[in-house]
Amino acid sequence: KKIKKALLKKIPFFKRIKDIHLENFLKYCSLKRYKKGEIIFREQTLGKNIYFVIKGKIRIFKKTRAGAIKVLSYLSEGEPFGEMFLFLKGKRTASAQALLDSEVLIVNGNAFQRFISKNVDILCHIIFTLAQRLRKADEEIKSLAYSSVLMRFVFFILDMSERFGKREGRYTVIDFPPITHKEIAQNIGTSREVVSRSINTLEKLGYVKYESGKIKILKKDKLRRFLL
């Protein structure tokens, strides 16, 4: 599929780059569609490209030795992924999967490195992105300090509400990703059965309401106090 400059301009990384530079850069880019659930790249494979989400949602995850999945992050339109190999050569440290039907811009890694060496704005944007993800990793480490699964679940709810929550009247609703028991378990490192018990506990307290793959937060202040 032919790529136009206008598409690149929609990505924050490229907004301030002059058209003449983008024209030359386009020949190193390609677009690819991925079906829901399709793997884009796998952990422990060699990194050769950097990717940008054009449409859809992408899930970044790792697999434990026991085969369990730990979700690291969810990415939306305009966000890059697979960028670590630009600085740390070697194999991928995580896998990427289309959580919904998605369209992804794929950029040749060597060409991108040459491009950023001449465009400081993009290099700064990458460093900023890495810093944000480092902060997110710090938050993940913080969540591990909570001794109970219930507290980790509350931390997950509050984090997701900040990133993907939608206002519905007086309440905040989280419906992305589809909040299934399995998805929650893969985020907080537990089983679906334990997730069910955690949901029941918070519902009985009147803090949340779980229905049809989404969580409605009824008392966010109470959830915050739960972690103190």
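We number each residue from 1, following the sequence as shown.
With respect to the salt-bridge test (charged N to carboxylate O, under 4.0 angstrom), the residues D101 and K55 do not qualify. Residues E23 and K5 are paired through a salt bridge, judged by an N-O separation under 4.0 Å between the basic side chain and the carboxylate.
To the nearest 0.5 angstrom, I11 atom CD1 is 5.0 Å from L105 atom CG. Interatomic distance, I179 CD1 to K216 NZ, rounded to the nearest 0.5 Å: 15.0 Å. Taken from CD in Q186 to CZ in R192, the straight-line distance is 8.5 Å, to the nearest 0.5 Å. With rounding to the nearest 0.5 Å, the separation of OG in S191 from CD1 in I184 is 12.0 Å. Rounding to the nearest 0.5 Å gives a distance of 13.0 Å between CG of N24 and CG of D19. Note that CD1 of I217 and OG of S161 are 4.0 Å apart. Values are rounded to the nearest 0.5 Å.
Not a single donor-acceptor pair under 3.5 Å links the side chain of T45 to the backbone N or O of F41. A donor-acceptor pair is defined here as one N or O able to donate and one able to accept, closer than 3.5 Å; such a pair exists between the side chain of T64 and the backbone of A68. In terms of modelled atom types and a separation under 3.5 Å, the side chain of Y207 and the main chain of F226 share no donor-acceptor contact. The closest donor-acceptor contact from the side chain of E203 to the backbone of N200 lies at 3.5 Å or more, if one exists at all. The backbone N or O of I188 sits less than 3.5 Å from a side-chain atom of R152, completing a donor-acceptor pair. A donor-acceptor pair is defined here as one N or O able to donate and one able to accept, closer than 3.5 Å; such a pair exists between the side chain of S95 and the backbone of E43. Using a distance-only test at 3.5 Å, with no hydrogens or angles considered, a donor-acceptor pair links the side chain of S102 to the main chain of K57. Judged by distance alone, the side chain of Q97 and the main-chain N or O of G37 form a donor-acceptor pair under 3.5 Å. Listed for the R59 side chain is no donor-acceptor partner under 3.5 Å among the backbone atoms of V71.
What you find for S76 and V53 is that their closest heavy atoms are O-CB, 3.3 Å. Here the closest heavy-atom approach between residue Y210 and residue I199 is recorded as CB-CG2, 3.7 Å. Closest heavy-atom contact between I40 and A98: CD1-N, 4.2 Å. Of all heavy-atom pairs spanning P80 and L75, the tightest one is O-CD1, 3.7 Å. Nearest heavy atoms, I60 versus A96: CD1-CB, 3.7 Å. Scanning all heavy atoms of the two residues, the minimum distance from A111 to F25 falls at O-CE1, 4.5 Å.
With a 6.0 Å radius and a threshold of 12 heavy atoms from other residues, nucleotides or ligands, K63 has its NZ atom at or below the threshold. More than 12 heavy atoms of other residues, nucleotides or ligands sit less than 6.0 Å from atom NZ of K220. Within a 6.0 Å radius of NZ in K48, no more than 12 heavy atoms belonging to other residues, nucleotides or ligands are found. Around the CZ atom of R163, the shell of radius 6.0 Å holds more than 12 heavy atoms that belong to other residues, nucleotides or ligands.
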Exercise. Which is it for L7 and I54 under the side-chain contact (heavy atoms from CB on, under 4.5 Å) test, yes or no, and what are the steps along the way?
Worked result: CA-CA 8 Å; L7 180 65; I54 301 301; 3.7 Å; yes
Exercise. Taking it one step at a time, do N49 and V107 satisfy side-chain contact (heavy atoms from CB on, under 4.5 Å)?
Worked result: CA-CA 5 Å; N49 302 309; V107 184; over 6 Å; no
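Residues I106 and L31 are not in side-chain contact: their nearest non-hydrogen atoms beyond the backbone lie 4.5 Å or more apart. At least one side-chain heavy atom of F81 sits less than 4.5 Å from a side-chain heavy atom of I58. For the pair V154 and L202, the minimum side-chain heavy-atom distance is below 4.5 Å. By the 4.5 Å heavy-atom criterion applied to side chains, K166 and D175 are counted as neighbours. L72 has its side chain within reach of K62: a pair of non-hydrogen atoms, C-beta onward, lies under 4.5 Å apart.
Grouping the Ile, Leu, Val, Met, Phe, Trp and Tyr side chains by contacts below 4.5 angstrom, directly or via other members, places L150 with M160. Each of L218 and L227 belongs to its own hydrophobic cluster when Ile, Leu, Val, Met, Phe, Trp and Tyr are linked at side-chain heavy-atom distances under 4.5 angstrom. Under the 4.5 Å side-chain heavy-atom criterion for Ile, Leu, Val, Met, Phe, Trp and Tyr, L223 and Y171 are members of distinct hydrophobic clusters.
Under the 3.5 Å distance criterion, with hydrogens and angles disregarded, no donor-acceptor pair is assigned to the side chains of E79 and Y74.
F14 has its ring centre less than 6.0 Å from the ring centre of F52.
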